[in-house]
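Everything quoted here is computed from the prediction, not taken from an experiment. Counting starts at 1 for both ligands and their atoms, in listed order.
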Amino acid sequence: MNTLTMAMPKGRIFKEAVLLLRKAGYNLPDQFEDSRKLIIDVPNEKLRFILAKPMDVPTYVEHGVADVGVAGKDVLLEEKRDVHEVLDLKISACHMAVAGLPGYQRGELNPKVATKYPNLASQYFKEQGEQVEIIKLNGSIELAPIMNLAKRIVDIVSTGQTLKDNGLVELERMESITSRFIVNAASYRIKSGEIKTMINCLKVALGEDA
Ligand code: PRP
């Protein structure tokens, strides 16, 4: 049996993904979630985990450095990497939204929109027929409308608490987001047995027919 390398997103998705893998029958060490290591080998399960920034997971999988990975649909839509998206893991559910200060009205010329998702946001506003200037930020996007860097933002909304705590409101709901299981094309052929077994175990854990 080949060892599978799995790219995992560091941060909030990681814990839910580890829970799901355990439910799928993978015996992962107790202190797994608390480690600061970026590469974790689990020889008993023939698994190697690499812990990447969420936005970088599809890059590792596209280049075949990782055979499989867990990536948010938001990241897949933004990055458009050449990977197979094979399973909706239904974890880390949230949605994309346009948000801003209450009472925002469209009407300014070429308004600014701040976001961590410049491609996704550009495509959305193009489809809406609104010309905007996208300002790329790397986090704490909710600061932008408060500081008047941009009147609106495009970001993920989970509980809505961050918007609320910063006096912002959701203006337009965009797509629903969950985490997906992604696979490198060559690995899918070379390690098909191991990968299909993992997909089936995950499907059983999700209550789907394997
Ligand atoms: C994300 C997102 C929002 C927040 C939404 O940020 O960008 O800021 O979570 O969650 P909520 O609706 O439950 O409040 P994250 O914590 O990942 O950090 P970031 O600001 O660095 O992007």
Side-chain angles (χ1 to χ4, degrees), residues 6-21 32-38 40 49-61 66 69-81 83 85 88-104 111-128 130 132-182:
M6 184 165 192
M8 297 282 271
K10 283 207 292 185
R12 62 172 77 196
I13 304 175
F14 183 66
K15 278 196 174 157
E16 282 188 67
V18 169
L19 269 179
L20 183 62
L21 282 170
F32 196 68
E33 296 95 319
D34 307 321
S35 170
R36 300 282 293 173
K37 278 189 163 182
L38 299 176
I40 303 176
F49 292 93
I50 60 174
L51 273 59
K53 282 277 179 195
M55 206 63 103
D56 295 334
V57 166
T59 310
Y60 284 97
V61 175
V70 174
K73 184 68 181 174
D74 53 334
V75 169
L76 295 172
L77 289 169
E78 177 62 23
E79 287 284 308
K80 294 210 183 321
R81 295 281 170 179
V83 295
E85 181 189 322
D88 183 350
L89 298 174
K90 300 189 176 128
I91 52 173
S92 306
C94 57
H95 64 275
M96 301 289 310
V98 183
L101 291 166
Y104 175 84
K112 292 174 181 162
V113 175
T115 186
K116 218 164 40 176
Y117 304 91
N119 296 326
L120 203 156
S122 297
Q123 194 184 331
Y124 176 77
F125 285 105
K126 204 183 231 177
E127 284 164 11
Q128 299 282 309
E130 188 184 1
V132 300
E133 178 188 342
I134 301 289
I135 299 180
K136 164 83 172 22
L137 294 175
N138 292 300
S140 302
I141 315 297
E142 292 81 1
L143 261 179
I146 305 168
M147 298 307 294
N148 210 15
L149 176 65
K151 289 209 167 62
R152 286 175 295 172
I153 60 173
V154 166
D155 201 7
I156 54 169
V157 177
S158 178
T159 60
Q161 197 63 40
T162 312
L163 288 181
K164 195 163 173 250
D165 285 358
N166 291 289
L168 303 178
V169 293
E170 189 171 313
L171 300 168
E172 289 159 47
R173 188 187 170 102
M174 297 160 70
E175 52 265 273
S176 297
I177 304 290
T178 48
S179 294
R180 310 298 162 101
F181 185 72
I182 58 172

Please enumerate all residues that pass side-chain hydrogen bond (donor to acceptor under 3.5 Å, both in side chains) together with K73, with sequence neighbours excluded. E85
Present, as a list of atom pairs with distances to 0.1 Å, all nitrogen or oxygen contacts under 3.5 Å between ligand 1 and the protein.
| unit_1 | atom_1 | unit_2 | atom_2 | d |
| --- | --- | --- | --- | --- |
| ligand 1 | 7 (O) | D155 | OD1 | 3.0 |
| ligand 1 | 7 (O) | D155 | OD2 | 2.6 |
| ligand 1 | 8 (O) | E142 | OE1 | 3.2 |
| ligand 1 | 8 (O) | E142 | OE2 | 2.7 |
| ligand 1 | 9 (O) | R12 | NH2 | 2.9 |
| ligand 1 | 12 (O) | S158 | N | 2.8 |
| ligand 1 | 12 (O) | T159 | N | 3.0 |
| ligand 1 | 12 (O) | G160 | N | 2.7 |
| ligand 1 | 13 (O) | T159 | N | 2.8 |
| ligand 1 | 13 (O) | T159 | OG1 | 2.5 |
| ligand 1 | 14 (O) | T162 | N | 2.8 |
| ligand 1 | 14 (O) | T162 | OG1 | 2.4 |
| ligand 1 | 16 (O) | R12 | NH2 | 2.7 |
| ligand 1 | 20 (O) | S140 | N | 2.8 |
| ligand 1 | 22 (O) | K116 | NZ | 2.5 |

M174 and side-chain contact (heavy atoms from CB on, under 4.5 Å): which single residue from D155, L120, I156 fits? L120
For F49, ring-ring contact (aromatic ring centres under 6.0 Å, His included) partners two or more places apart: F32
Do I153 and E142 make a side-chain contact, defined as non-hydrogen atoms from C-beta onward lying under 4.5 Å apart? yes
Does OH belonging to Y60 count more than 12 external heavy atoms closer than 6.0 Å? no
Residues passing the side-chain hydrogen bond (donor to acceptor under 3.5 Å, both in side chains) test with K90, sequence neighbours excluded, are E208
